[in-house]
Amino acid sequence: MAGMSSKKRCKGSLDTQEQDRDATEDFRDYMADVVSKGHTCLSIALGHELRLFDVLGDFDESKSCRVIAETAGCKEGYIKAWLRTMVSGKIVEVVENEKGETLFFLPKDRLSSLTSTENNLACLTRQVPIYSTVYPDVVRCVKKDGPNGVDYERFAALDVYWEETNKMMHNSRKHLSFILNQIPGLITQLENGTTVCDVGCGPGHRANLIAGMFPNTKVTGIDISEETVAIAKTKADELMLPNVTFMSADGTSLPENWAETFGYVTMSDVIHHVKNQEKMLAEVHRILTPGGVFSLFDFDVHERLADNYGKPSASVMYAFNLLYDLPASLGDDGESGEGHGHHGEVFAHGHAPDDGHSGDDKKPETVLEGHSLEEVCEGFEKPMNILRKVGFEIEIKQIAETLECHIIATKKK
Ligand SMILES: C[S@@+](CC[C@H](N)C(=O)[O-])C[C@H]1O[C@@H](n2cnc3c(N)ncnc32)[C@H](O)[C@@H]1O
């Protein structure tokens, strides 16, 4: 970052003064960019919520603000203001016709990121306005004499957000194909028929999706929460998927007779909730066939804060922790703490209780109650090292759009 090494420089020379001035200006440019992108982000969220990108995407040619507003069922003045922010934010393109009229269009190559129901990146911007609703309360919490946390109910909009992003991003077919394609040969194996286990499957979105996409493959979803497993089963029945089964089990001690059973094991957003990570990852190793592959998805943050300097996924994760995890987990009992004890749930974020994640039915000592700033930001190095220790060969891929990292671990043959 600009200006960081100024102390080391010899003061007084003209060169040094010039360098300092450049560094200051670079930093001011950087700050202006941050502010500008923040405004663009909020405006994208508004466009996404009002389906304005879909309206633009449906046109075959550029249209005037009036036509766009009418088609969207919105007021022209507001749409004019919105289109201005979208053009200056490089999201929507603008042309002038021969009459000098300003016309707007959304280039085809942006449609899939902004309008489709799958892999829709615009939906991710919605998190920012949701934080804004509790922002004044969080500010009060930070102060020494302020309240400890914010009532969890105040974050209700996040549950709707997660449900939406789950469908549009994390567990969309397109995203699943993208991540499966990161493992050479896996799609062919799944098409031909193999065995898959999703450990900590939650309400079964991913397991059901894999089962639906690959009818020759047998999928098993396991989760410690019986309530969650019941939801997953109901969804599989609704989808009439004969090749998926769900059962309640602790990922740290899976059935004895599962040794070398699965060709592919997946685990998403689970490992940082688990106290005995080594036990769980050793179990994954045990249940995989030799040469089988394990996909571990978790936050794309490093263990050392300094390594996260300028890392986009880390700033999103840390902000999430500051603006949601900490205030929500401290909101109930009013006790000071580290972010634990969030509604007494097995985990602290990500899903509404009716999404099957309340986890009150079983609370083994292997599972943390919520997670603290430290746990969330523990970094992917820890599970990576454990994976090596229990016998895996590993490689790591970053998934920019979901801000996760995908650790691909192969059991030696
Ligand atoms: C944040 S949710 C993620 C759910 C799902 N994998 C997804 O990506 O939507 C974490 C899940 O891990 C489960 N879990 C936590 N500890 C577990 C354990 N020891 N064994 C099995 N499941 C566990 C929780 O019950 C919860 O459903």
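For ligands, and for the atoms within them, numbers begin at 1 and follow the listed sequence. The model shown is predicted, which means the values in this text are computed figures rather than measured ones.
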> Does M280 come within less than 4.0 angstrom of ligand 1, counting non-hydrogen atoms of the residue?
Replying inline: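 For ligand 1, residue contact (heavy atoms, under 4.0 Å) with M280 is present.
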> Contact between H205 and ligand 1, counting heavy atoms under 4.0 Å?
Replying inline: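 Checking ligand 1 against H205, which is what was asked, there is no heavy-atom contact under 4.0 Å.
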Heavy-atom contacts with [X] under 4.0 Å: which atoms of ligand 1 show up? List them by number with element.
X    : value
A249 : 20 (N), 21 (C)
D250 : 18 (C), 19 (N), 20 (N)
G251 : 18 (C), 19 (N), 20 (N), 21 (C)

>> Before we go on, tell me: are the rings of F380 and F299 under 6.0 Å apart, centre to centre?
In response: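 Not under 6.0 Å, so no.
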> Under the 3.5 angstrom rule, does the side chain of K413 hit a backbone N or O of P290 as a donor-acceptor pair?
Replying inline: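 Checked: no pair found.
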Give yes or no for whether the N/O distance cutoff of 3.5 Å, strictly under, is met between [X] and ligand 1.
X    : value
N171 : no
I222 : no
D198 : no
D269 : no
V270 : no

>> I need the contact type for P203 against ligand 1. Using non-hydrogen atoms and a strict under-4.0 Å cut-off, is it side chain, backbone, both or neither?
In response: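 The answer is neither; P203 stays 4.0 Å or more away.
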> Considering G202, S268, C201, which one's heavy-atom position lies nearest to atom 3 (C) of ligand 1?
Replying inline: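 Checking each option, the heavy atom nearest atom 3 (C) of ligand 1 is found in S268.
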>> My understanding is that only residues two or more places apart in sequence, or in another chain, count here; which of them pass side chain to side chain contact (heavy atoms under 4.5 Å, CB included) with D29?
In response: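 Partners of D29 by the side chain to side chain contact (heavy atoms under 4.5 Å, CB included) criterion come out as none, since no residue qualifies.
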> For L403, what residues pass the side chain to side chain contact (heavy atoms under 4.5 Å, CB included) criterion, not counting sequence neighbours?
Replying inline: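 Partners of L403 by the side chain to side chain contact (heavy atoms under 4.5 Å, CB included) criterion, ordered by chain and then number, come out as S313, V316.
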Side-chain ion pair, [X] and [Y], N-O less than 4.0 Å:
X    : Y    : result
K235 : E238 : no
E381 : R304 : no
D151 : R154 : no

>> Tell me which one of L121, T125, T85 satisfies side chain to side chain contact (heavy atoms under 4.5 Å, CB included) with I44.
In response: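 Exactly one pass, corresponding to T125.
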